[in-house]
Amino acid sequence: MTLASMARKYEQRVPPRDTAATSAMIASLQAEGYDTVAAPFGHALVAEAEADERIVGLSADLAKYTDLHVFAQAMPDRFYQMGMAEQLLMSAAAGLAREGFIPFATTYAVFASRRAYDFIAMAIAEENLPVKVCCALPGLTTGYGPSHQATEDLAIFRGLPNMVVVDPCDAADVAGMVPALLAHDGPAYARLLRGKVASVLTRHKPDYTFTLGKAQMIREGADVLVVSTGIMTMRALDAADRLAADKVDVAVLHVPTIKPLDVETIRAEAGRGRLVVTAENHTENGGLGEAVARALLTAGVTPAFRMIALPDAFLEAGALPTLHDMYGLSVGKIVEQIKSWL
Amino acid sequence: MEGRWPNGRSNVSLAQRAWNIRRKALLMGEVQGQGYIGQALGVADVLATSYFHAMDYRPEDPEWEGRDRFYLSIGHYAIALYAALMEAGILPEEEYATYGMDDSRMPMSGMASYTPGMEITGGSLGHGLGIAVGAALGLKRKSNPAFVYNLMSDGELGEGSTWEAVMSGVQWQLDNLICIVDFNNQQADGPTRDALAVGAEAPKWEAFGWFAQEVDGNDLGTLVAAFDAAREHAGPRPRVIICNTTMCKGVDFLEAREMNHFVRVEPDEWAKALARLEEGRSA
């Protein structure tokens, strides 16, 4: 073994002299100009649970950080604090599902996809049990560094048979996916946006409602088709507004369900001669971009094709706005990239 | 000692049940020429006590809501549980000849979706007890008085997830959870005791807050008493029975083999093993 093979990034680092440098403590997503909704996941779950006795909630010491505390406070006898034990969290959720309950189990995306994977795979997915794994901090939504940045979770759960995989964009998606996941008789992995969550989609498309398995055109446009998921739909819509000023007409197709992928809609929209750009808050490996590429190539649809995604790397720690700029997820960087491809 | 299958309808002795389970397991092993026969022979007395003394179930309705749940965390012990399920009338006896065949309902490693009476998919070790915790919580939610039995191996004591579940069982006061540890001191690479700080089993579980018993897992009288004590213990605690068993129990020339996690049985030895089992019965 050689130390040279290790990622000794500190050797190249120079501490900032300017004490006014951006604080890495800025932890929230930038969603300028949008109204927000508080804890849409927790409130939607309470609303469903009032009508459905089968719903129970479990967390592994992250109820407060996944908005499950709203449910825990409203229905304390249906909430299970499992402690800091993610393998147990998933196994126990499987056991409750075996006894007829529908568990919503929450933790951070890194812990579900990495630490608890075998338990989700074998105790839940292999038996097709209706456990809904809902995870905060998806992709690059924290500046904590790789321990908390779930940059490969979509790839991991896309690879798992029986799993439905959802990456919501905003409060409407988060609230809308709860009844949809409940109605789906099987396991699901959903990324979660927590706290004050922006209301994006209904502003751009007033009649928007989340439909499991459906891609939806949020904005029409003649020059570029952005196929996006999760928070990148918000970024793509903002980028489209800016690009319109430069006479670039951008359509945005929102794909909140990664699996099963709405290949029919994607193929139809991608086959209309526009530059196709996928955008995801996820590593370039195994996420939306590659899924779309396969859907198109296997159908003989071959538009000009580009991907906006996180690099195949362990990402930096820092302030989220800085990092989104650094890795190309910010509105400004999306605008730059799309312009460079035209 | 009479069995109570279910609850006293049978006067077949537990010793006969255990013998029948061993014989069926050997017949299945003979079909494939291999199998985890050492474990099956070793755990037969535990299974006989579970299915013909302790547990409540309906052979004709393996998903009966009132049944005691039996989780086989150790998927590779499937051959043993198939034998017990056949003996219990949950699986038809004649299916033994399909063990491990394509399209069989009895795959080599136990899976819930294949086999009536196989409650969970085991095999990825360290899963059963955590699932059992969730099921025990679920039964309490439903005010269902059934027990959840989880059969695990000593090797699974090395899995961290086991200890997450051990702590949780105490946290939630799961007095409807009975964990059975088949302690045969054999894991894939050798003796379990040489692998990962295994020792003082019962005191360890007691220290976590469980009602723990450590018994001779091949002594039916002791097993019956331990299962009774586990079910009847008054405290709001989960229960564990650590069963010290002998691999290949009942077939002396196999018992004598040194490295016997996956015991190798030569083609001509299956008949010999069945014969030795027969001799042991009449002795």
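Below, chain A is the first sequence line, B the second, and so on; all start at residue 1.
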Would one find more than 12 heavy atoms of other residues, nucleotides or ligands at under 6.0 Å from atom [atom1] of [X]?
X: B:E65; atom1: CD; value: yes
X: B:R193; atom1: CZ; value: yes
X: A:M84; atom1: CE; value: no
X: B:E232; atom1: CD; value: yes
X: A:K214; atom1: NZ; value: no
X: B:E201; atom1: CD; value: yes

(message) So B:E164 and A:L89, do their side chains get closer than 4.5 Å, heavy atoms only?
(response) no
(message) Taking the side chain as everything from C-beta on, heavy atoms only, tell me whether A:Y80 gets closer than 4.5 Å to B:R141.
(response) yes
(message) At under 4.5 Å between heavy atoms, what parts of residues 61-76 of chain A are in contact with chain B? List them by residue number.
(response) none
(request) Can you check whether anything in residues 105-125 of chain A gets within less than 4.5 Å of chain B, heavy-atom wise, and list it by number? (result) A:D118, A:F119, A:M122, A:A123
(message) I need the minimum non-hydrogen distance between B:V133 and A:A92, along with the two atoms involved.
(response) CG1-CB, 4.5 Å
(request) Heavy atoms only: give me the nearest B:G130-A:S91 pair and the separation to one decimal. (result) C-CB, 3.4 Å
(message) If we define contacts as heavy-atom pairs under 4.5 Å, which of A:E126, A:M90, A:Q87, A:Q81 has the most with chain B?
(response) A:Q87
Under a 4.5 Å heavy-atom cut-off, does chain A meet the side chain of [X], its backbone, both or neither?
X: B:M167; value: neither
X: B:S113; value: side chain
X: B:W163; value: neither
X: B:A132; value: neither

(request) Measure the CG-CG distance between B:L137 and A:L58 for me, rounded to the nearest 0.5 Å. (result) 8.0 Å
(request) Answer yes or no: is there an ion pair linking B:K142 with A:E99, defined by an N-O contact shorter than 4.0 Å? (result) yes
(message) Is A:D77 in contact with chain B via its backbone, its side chain, both, or neither, using a 4.5 Å heavy-atom distance?
(response) both
(request) Among the options B:A136, B:G160, B:G128, B:S168, pick out the one with the most heavy-atom pairs lying under 4.5 Å from chain A. (result) B:S168
